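The structure presented is a predicted model; accordingly, all values stated were derived computationally and were not measured. Reminder, nothing fancy here: chain letters follow the sequence lines and each chain counts from 1.
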Protein chains: 2
Amino acid sequence: MKTPYHETILEFFSEHRRMPSYAEIARITGLNSKSSAYHAANRLIREGWLVKDDAGKLIPGPRTSGIRLLGSIAAGFPSPAEEELADVMTLDQLLIRNPQATFLLKVTGDSMVDEGIKHGDLVLVERTTDIKPGDIVVANIDGEWTIKYFRRRGKQVYLEPANKKYRTIVPREELKIDLVVKAVIRQYR
Amino acid sequence: MKTPYHETILEFFSEHRRMPSYAEIARITGLNSKSSAYHAANRLIREGWLVKDDAGKLIPGPRTSGIRLLGSIAAGFPSPAEEELADVMTLDQLLIRNPQATFLLKVTGDSMVDEGIKHGDLVLVERTTDIKPGDIVVANIDGEWTIKYFRRRGKQVYLEPANKKYRTIVPREELKIDLVVKAVIRQYR
DNA sequence: ATGATAATCGAACGTTCGTTCGATGTCAAG
DNA sequence: CTTGACATCGAACGAACGTTCGATTATCAT
């Protein structure tokens, strides 16, 4: 067989956002019977590519479906052979708590470069009322959208950039902020 | 009802990594019959929370399951009401091409700060043989793991940090690099 | 109160599901 | 060649599936 079954099956999963039934596994793998697909799937379960949940339904196994979260670079680095107990999870699981209130925005400008947020970066933004001083927020200040630190001195709140070229912004009108930056993502390739 | 059905259902999805059957929907929502669950699901489909794929199976709909990828900050910002045609996708779909060869590493040290990669950041690393000059790579150089630019002058390859405090590294022995940084992720809350 | 509209229920249907079984085919080791 | 381990197949099973139906109950503006 050209491509091992697990690749075909997991490709189906990422395309359809669900696992195939055994009939579908047979179809996409070229097997001619459900029971062949059934046995093939059991092999993949033994190998860790798939697992069955409490209800007996197939779901992606520990070898797939997520990212292996490994140790730090300086602390050493597991070899490809010894991929072991490493935490496996989805990036979404890692970064997103409230999917419905979460957005991805592209940053324009360099007002946060000293914080490591550069022009073109993506920021993962969550709509929430729980904004604390020190948070990085996306705010509509005097009719324009900006990304800044949220600061407070006494009763006065203001927005501070992470770039000496820019000035702190003290809002003249009321300041309504409900977007907090939960993560920054920069893609290289 | 306390929580709307779609929240309950999508919570099931993120916990179990699959959509519930109608019997399961009935159970987790408190409905007493499959057909109630069936009708409820159809309402959610009408509202965009769920969709059925070609095979009639439920999958998360455009209102959920992913992140709305919106325009740039400076270019304006859609209000919560007008969440429309925005691209919806999973962070994994956005960032990961080859799941099996992809890792997440925590960066220690500040040798890439000028590139906006700070101590404690997570780097999404893919194992590949296709390394080009200019890429940011994770390399084992003389027995130690580091993250640097991959450069080439003539036949000589070397590793360059993004921090003036550090020096360019010219490997004394052979340099085997197969880990390229595909993205940087920094979490704030 | 009244009627319209929508939500829920329980029963029933044909279909598909996961699973088991026995037969057949394939291949390498003895 | 024989043996055994394993992959594949087709048929069969009951269970669970998605869906439809008609009746009952809740919701709400009139």
Tell me whether B/K57 is salt-bridged to A/E24, with the criterion being a basic N under 4.0 Å from an acidic carboxylate O.
no
Considering every strand and a 4.0 Å limit on heavy-atom distances, what is the contact class for B/A23: base, sugar-phosphate, or nothing?
sugar-phosphate
So, OP1 or OP2 of C/dC17: does either fall under 4.0 Å of a side-chain N or O from A/S21?
yes
Let me know the distance between NZ of A/K57 and P of C/dT16, rounded to the nearest Å.
15 Å
Separation of atom CG in A/L58 from atom C1' in D/dC17, rounded to whole Å:
16 Å
Is the shortest heavy-atom distance from the side chain of A/M19 to the side chain of A/I9 under 4.5 Å?
yes
Under the side chain to side chain contact (heavy atoms under 4.5 Å, CB included) test, residues paired with A/Q156 that sit two or more places apart:
A/V170, A/P171
A/D110 and A/K118 ion-paired at < 4.0 Å:
no
Within the structure shown, what part of the strands sits under 4.0 Å from B/S36 by heavy-atom distance: base, sugar-phosphate, or nothing?
base
Could you tell me the separation between the CD1 atom of B/I25 and the P atom of C/dA7, rounded to a whole number of Å?
15 Å
Within this structure, what is the CZ-to-C1' distance between B/R43 and C/dA6, rounded to whole angstrom?
8 Å
Using a 4.0 Å heavy-atom cut-off to protein, can you give one letter per nucleotide of nucleotides 19-26 of chain D, 5' to 3': B if the base is in contact, S if only the sugar-phosphate is, - if neither?
BBB-----
Could you work out how much the helix from C/dA1-D/dT30 to C/dG30-D/dC1 bends, comparing the axis of its first five pairs with that of its last five, to 10°?
30°
Rounded interatomic separation in angstrom, taking CG from A/N32 and C1' from C/dT24
14 Å
Any chain of hydrophobic side-chain contacts (each under 4.5 Å) joining A/L31 to A/L10?
yes
Salt bridge B/K182-B/E126, side-chain N to carboxylate O under 4.0 Å:
yes
Can you tell whether the side chains of A/E160 and A/K148 come within less than 4.0 Å, N to carboxylate O?
no
Can you tell whether the side chains of A/D121 and A/K106 come within less than 4.0 Å, N to carboxylate O?
no
Rounded to the Å, how far apart are A/L31 CG and D/dC6 P?
18 Å
Determine, using the 4.5 Å side-chain heavy-atom cutoff (strictly less than), whether A/V180 and A/V157 are members of one ILVMFWY cluster.
yes
